[in-house]
4 protein chains.
Amino acid sequence: MVKEVRTPTQKRSIDKTKKILNTAKALFSKKNYFNVTTNEIAKEAGVSIGTLYSYFSDKEAILVALLNDYNASFITIFDDINTQDFLELFKSEPRRCLELLINKLLKNENEEFHNQIEMLAFTIPQVKSVLENHNHKVKELTYHCFLHYIDVEESAELKALSTIIFNIISSTVDEIIYSNHSNKEKELLKAKSIDCIMLIINNAIELSKLK
Amino acid sequence: MVKEVRTPTQKRSIDKTKKILNTAKALFSKKNYFNVTTNEIAKEAGVSIGTLYSYFSDKEAILVALLNDYNASFITIFDDINTQDFLELFKSEPRRCLELLINKLLKNENEEFHNQIEMLAFTIPQVKSVLENHNHKVKELTYHCFLHYIDVEESAELKALSTIIFNIISSTVDEIIYSNHSNKEKELLKAKSIDCIMLIINNAIELSKLK
Amino acid sequence: MVKEVRTPTQKRSIDKTKKILNTAKALFSKKNYFNVTTNEIAKEAGVSIGTLYSYFSDKEAILVALLNDYNASFITIFDDINTQDFLELFKSEPRRCLELLINKLLKNENEEFHNQIEMLAFTIPQVKSVLENHNHKVKELTYHCFLHYIDVEESAELKALSTIIFNIISSTVDEIIYSNHSNKEKELLKAKSIDCIMLIINNAIELSKLK
Amino acid sequence: MVKEVRTPTQKRSIDKTKKILNTAKALFSKKNYFNVTTNEIAKEAGVSIGTLYSYFSDKEAILVALLNDYNASFITIFDDINTQDFLELFKSEPRRCLELLINKLLKNENEEFHNQIEMLAFTIPQVKSVLENHNHKVKELTYHCFLHYIDVEESAELKALSTIIFNIISSTVDEIIYSNHSNKEKELLKAKSIDCIMLIINNAIELSKLK
DNA sequence: AATGAATGAGACTTCATTCAT
DNA sequence: TATGAATGAAGTCTCATTCAT
């Protein structure tokens with residue numbers, strides 16, 4: 001039997017969908033996906049459980065909807081950066097670009113919920129694939145900036161360096177979000193990360209010239 | 001009511017404990033802790049559910065036992081490295097030491113289960129604390145090597161650099177374990193990571209001399 | 001985790017609550033509280049186990065609800081008697097009053113279930129306290145009637161006599177309910193009990209006059 | 001399959017049996033029969049669960065053995081009283097006899113365990129029948145004393161009075177054991193109970209003479 | 001469309017009892 | 001005889017999901 005799930009088109013419906021999603025997001029963030037019940041979400045959202053199930057086929061569908069929002073938000077932010085202009089700007093002002101990138105990434109993260117997403121990536125393939133896609137995009141961007149900046153042939157070595165640079169960015173973002181550093185420490189970490197990345201990039205250029 | 005849990009002293013008991021733990025580990029890795037039932041573990045381990053509960057007070061106790069094993073294994077590996085000799089060796093052969101450290105860390109990881117552990121860290125405080133402790137230890141070791149090597153005063157800057165170095169090591173280890181790179185790529189990544197770290201360290205030394 | 005338990009407001013719900021309670025009462029009476037399972041109650045009551053648990057947080061809650069009914073029924077009966085009028089009437093027609101009291105007490109008892117209540121008083125403090133409260137009330141009433149009737153100062157002796165009178169009433173009620181006497185024997189026992197009580201009361205008056 | 005249960009003949013065995021029974025009695029008294037596990041009894045008694053089951057066919061068998069002890073103890077005490085001599089003595093010194101009877105009954109009671117026995121009488125027929133037998137014996141004794149004392153024909157009325165007297169004795173014994181009266185109050189209650197009984201007996205004699 | 005009472009599979013856990021050693 | 005590890009039926013309770021109103 002095919003399950004009919006209402007696609008909300010009217011305003012009231014959309015409001016309800018949003019209310020459910022926001023509530024679910026808050027609860028998942030606070031209590032962990034596995035410890036939140038659909039009845040709880042419905043109650044907290046002020047709708048009946050029946051209504052909840054008329055908008056979402058099952059519990060995982062709520063998560064997937066949230067995941068899609070999360071993804072959309074990332075894409076919006078990412079597309080803002082992933083432009084030819086950015087590549088060009090990187091050439092002249094790489095430090096500023098790196099800082100911009102890090103700040104953009106920081107912007108998308110909503111600590112508690114991101115936590116849940118990361119956790120569920122270990123369990124729910126669809127979540128994993130979304131996160132992998134994000135990482136892939138940022139990795140590619142990093143790589144392209146890198147290539148564009150130093151203007152050399154692609155190579156396994158550059159790919160490896162690019163991976164390392166991505167990891168530095170990524171771990172710095174995580175460190176800033178999840179660790180309880182002071183703001184001063186966070187700023188210092190950000191600055192030093194950029195220093196290190198520049199060091200790596202410049203070193204790569206020098207090495208490539210030597211060849 | 002106080003719960004009696006058999007403490008295994010005899011060989012057969014220890015075997016059973018191990019069987020249960022191994023089975024649980026495999027199932028947790030494959031299906032996620034929250035989706036594995038105690039009955040399933042018992043069945044798969046070839047013991048009755050009663051036996052399982054005579055060795056472990058509840059499901060979480062099984063996880064905690066696995067976590068303790070995981071922790072013990074880490075500590076063993078870590079203590080092997082965390083010595084004065086290592087610090088000294090680092091001074092003369094930092095690259096070799098870094099490689100050693102990475103190899104040791106790689107040794108401890110058991111892909112699928114480590115995944116679960118990381119996931120559960122988001123949910124179960126005890127798991128989180130064990131992982132944080134591991135990271136803390138490695139971070140401290142990195143920092144000490146660093147200080148010892150460049151032989152300068154502690155500073156917020158060095159602390160930040162040390163964090164970045166730790167993150168490079170850590171993310172490289174993860175990348176090697178979890179990503180499906182070819183062996184060649186893995187080796188390259190490892191080598192390049194070490195290069196980058198050396199670059200950061202040496203740059204720090206030069207900067208400190210300039211002051 | 002806070003447990004949601006449906007508070008029945010609608011007719012159907014109240015019916016279900018009643019159905020569950022009646023079934024539970026019957027089963028507890030027949031088979032003993034400890035030998036009755038919640039699944040059994042649900043099945044017998046014609047509801048699902050989930051429904052049962054949506055009305056009662058756990059097995060003990062069912063018992064408590066029955067206990068409350070039992071208590072309420074007692075209170076209703078008791079308050080009917082525990083009046084100034086009754087005290088006055090006792091002065092002029094003590095025998096009739098005693099008979100009234102015994103009949104009222106007999107009315108509240110529902111042989112099999114009372115049995116369970118008494119049994120559980122040995123085990124569950126809440127049950128014990130309800131029964132003790134009932135006894136206390138009847139004891140006090142007896143005492144007040146007594147004092148009012150013979151119109152003397154309170155004393156340890158009168159208190160003891162009052163306890164004995166209460167015990168006669170109480171044991172007679174039990175004897176009538178639980179023993180398989182013929183109706184004729186029951187009536188005789190009731191009459192004789194009243195005789196004895198009057199004997200005790202009148203004797204107390206005479207003694208008090210002698211002093 | 002017929003179950004072989006060892007009948008202990010050797011000293012060590014008897015010791016073990018006793019140890020098990022004493023432990024069980026203590027645990028049943030403290031925690032309620034239904035909340036005590038056989039494993040717990042075995043452990044506390046310092047024997048293996050296998051040994052326990054080699055002496056007792058099942059959990060109820062332990063209870064039955066305790067019940068038999070309890071019964072035997074009662075019978076011993078009761079037979080001590082239930083003699084022609086006692087009947088004769090009653091004629092001359094009824095008050096002393098009544099006090100003796102009450103004291104004997106008090107002697108047999110072991111508050112906590114008696115509690116359990118009474119509770120289980122509601123559930124386990126065998127227990128019920130033992131208690132009923134005790135009551136029956138005491139009732140008969142009371143009746144015979146009564147008849148012997150007042151030296152009249154049996155009659156339904158006397159039977160009823162006898163029941164009331166038995167109930168006074170019985171409830172007084174319970175009151176003394178289970179209620180937290182002071183010792184002084186207990187003595188007073190005992191004395192007053194005897195007074196009341198004598199009052200009832202003497203009144204019966206007078207009434208019989210009038211006929 | 002919305003409601004929320006109802007469902008019941010299945011999770012976790014206990015404990016009387018057995019049986020190989 | 002004694003042991004105690006092992007058993008598994010059975011109990012309590014949860015929660016995603018349905019469906020009559």
Side-chain angles (χ1 to χ4, degrees), chain A residues 1 3 6 8 10 12-13 16 34-43 47-62, chain B residues 1 3-4 6 8-10 12-13 15-16 34-43 46-60, chain C residues 1 3-4 6 8-10 12-13 16 34-43 46-61, chain D residues 1 3 6 8 10 12-13 16 34-43 47-62:
Chain A
M1 204 187 340
K3 184 84 171 296
R6 189 174 310 115
Q10 304 190 335
R12 202 167 39 145
S13 300
K16 272 189 186 159
F34 294 104
N35 293 328
V36 173
T37 71
T38 48
N39 279 283
E40 197 178 359
I41 297 169
K43 184 162 213 180
V47 301
S48 72
I49 183 67
T51 299
L52 185 150
Y53 272 91
S54 76
Y55 289 120
F56 299 96
S57 63
D58 57 22
K59 193 183 175 187
E60 196 168 320
I62 300 176
Chain B
M1 227 177 306
K3 188 77 174 298
E4 283 300 327
R6 195 171 298 138
T9 46
Q10 304 191 339
R12 196 167 40 145
S13 299
D15 285 353
K16 243 164 216 174
F34 293 104
N35 294 327
V36 173
T37 74
T38 47
N39 275 288
E40 199 178 357
I41 298 170
K43 193 167 208 175
V47 301
S48 72
I49 184 66
T51 298
L52 185 149
Y53 274 92
S54 76
Y55 288 116
F56 299 96
S57 62
D58 56 23
K59 195 182 167 188
E60 193 167 324
Chain C
M1 223 178 308
K3 189 75 175 302
E4 284 300 325
R6 195 170 298 139
T9 46
Q10 305 190 338
R12 195 166 41 143
S13 298
K16 241 161 218 176
F34 294 104
N35 293 327
V36 174
T37 74
T38 47
N39 275 291
E40 198 178 358
I41 298 170
K43 193 167 207 174
V47 301
S48 71
I49 183 67
T51 298
L52 185 150
Y53 274 93
S54 77
Y55 287 114
F56 299 96
S57 62
D58 56 22
K59 193 182 167 188
E60 193 167 326
Chain D
M1 202 184 344
K3 184 85 175 292
R6 187 176 309 113
Q10 304 192 336
R12 201 166 40 144
S13 300
K16 274 189 186 159
F34 294 104
N35 293 328
V36 174
T37 72
T38 48
N39 279 283
E40 197 179 357
I41 297 170
K43 183 163 214 181
V47 301
S48 72
I49 182 67
T51 299
L52 184 150
Y53 272 90
S54 75
Y55 290 119
F56 299 95
S57 63
D58 57 23
K59 192 182 173 188
E60 196 168 319
I62 300 176

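Below, chains carry the letters A, B, ... as their sequence lines are ordered, and counting in each starts from 1.
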Peer 1: Measure the spacing between OG1 of T38(A) and CD of E60(A) and express it to the nearest 0.5 Å.
Peer 2: 13.5 Å
Peer 1: Give one of base, sugar-phosphate or nothing for K43(B), where a contact means two heavy atoms less than 4.0 Å apart.
Peer 2: nothing
Peer 1: Taking the nucleotide of DNA chain F with the closest heavy atom to each, which residue, N39(A) or I49(C), is nearer the 5' end?
Peer 2: I49(C)
Peer 1: Respond yes when some side-chain nitrogen or oxygen of K16(D) is under 4.0 Å from OP1 or OP2 of dT1(F), and no when none is.
Peer 2: no
Peer 1: If you measure from CG on L52(C) to CD1 on I41(C), what distance do you get to the nearest 0.5 Å?
Peer 2: 6.0 Å
Peer 1: From CG of D58(C) over to C1' of dC12(E), roughly how many Å is that when rounded to an integer?
Peer 2: 16 Å
Peer 1: Of all the heavy-atom pairs spanning V36(D) and K59(D), show the shortest one and how long it is.
Peer 2: O-NZ, 2.8 Å
Peer 1: Is any side-chain N or O of T51(A) closer than 4.0 Å to OP1 or OP2 of dT3(E)?
Peer 2: yes
Peer 1: Listed by chain and number, what are the salt bridge (Lys or Arg N to Asp or Glu O under 4.0 Å) partners of E40(C), not counting sequence neighbours?
Peer 2: K31(C)
Peer 1: Kindly say if Y53(D) contacts the phosphate of dC19(E), meaning a side-chain N or O under 4.0 Å from OP1 or OP2.
Peer 2: no
Peer 1: Please pick, from dC15(F), dT7(F), dT12(F), the nucleotide with the shortest atom-to-atom distance to any side-chain atom of T37(C).
Peer 2: dT12(F)
Peer 1: Would you say a side-chain N or O of Y55(D) is under 4.0 Å from OP1 or OP2 of dA2(F)?
Peer 2: yes
Peer 1: Distance check: side-chain N/O of T38(C) vs OP1/OP2 of dT12(F), anything under 4.0 Å?
Peer 2: yes
Peer 1: Round to a whole Å and report the spacing from CD1 of I41(D) to P of dA16(E).
Peer 2: 8 Å
Peer 1: Could you tell me which residues satisfy side-chain hydrogen bond (donor to acceptor under 3.5 Å, both in side chains) with S48(C), sequence neighbours excluded, listed by chain and number?
Peer 2: T51(C)
Peer 1: With rounding to the nearest 0.5 Å, note down the distance linking CG in N35(B) to CZ in F34(A).
Peer 2: 5.5 Å
Peer 1: Could you report the tightest heavy-atom contact between D58(C) and Y53(C), atom names first, then the distance?
Peer 2: CA-CE2, 3.8 Å
Peer 1: Quick one: on DNA chain E, does F34(D) or G50(D) contact a more 5' nucleotide (nearest heavy atom)?
Peer 2: F34(D)
Peer 1: Looking at dT7(E), I'd like to know if its phosphate oxygens (OP1 or OP2) sit under 4.0 Å from a side-chain N or O belonging to S48(C).
Peer 2: yes
Peer 1: Can you check the I62(D) CD1 to dT17(E) C1' distance for me, whole Å?
Peer 2: 12 Å
Peer 1: To the nearest Å, give me how far apart CG (L52(A)) and C1' (dC19(F)) are.
Peer 2: 16 Å
Peer 1: Report yes if a side-chain nitrogen or oxygen of K59(B) is closer than 4.0 Å to either non-bridging phosphate oxygen (OP1 or OP2) of dA11(E); otherwise report no.
Peer 2: no
Peer 1: Dot-bracket, DNA chain E: Watson-Crick or G-U, under 3.5 angstrom, [ ] crossing, | other strand?
Peer 2: .||||||||||||||||||||
Peer 1: Could you check how far CG of N35(D) sits from C1' of dT14(E), rounded to whole Å?
Peer 2: 12 Å
Peer 1: For E40(C) and dC13(F), what is the distance between atoms CD and C1' respectively, to the nearest whole Å?
Peer 2: 16 Å
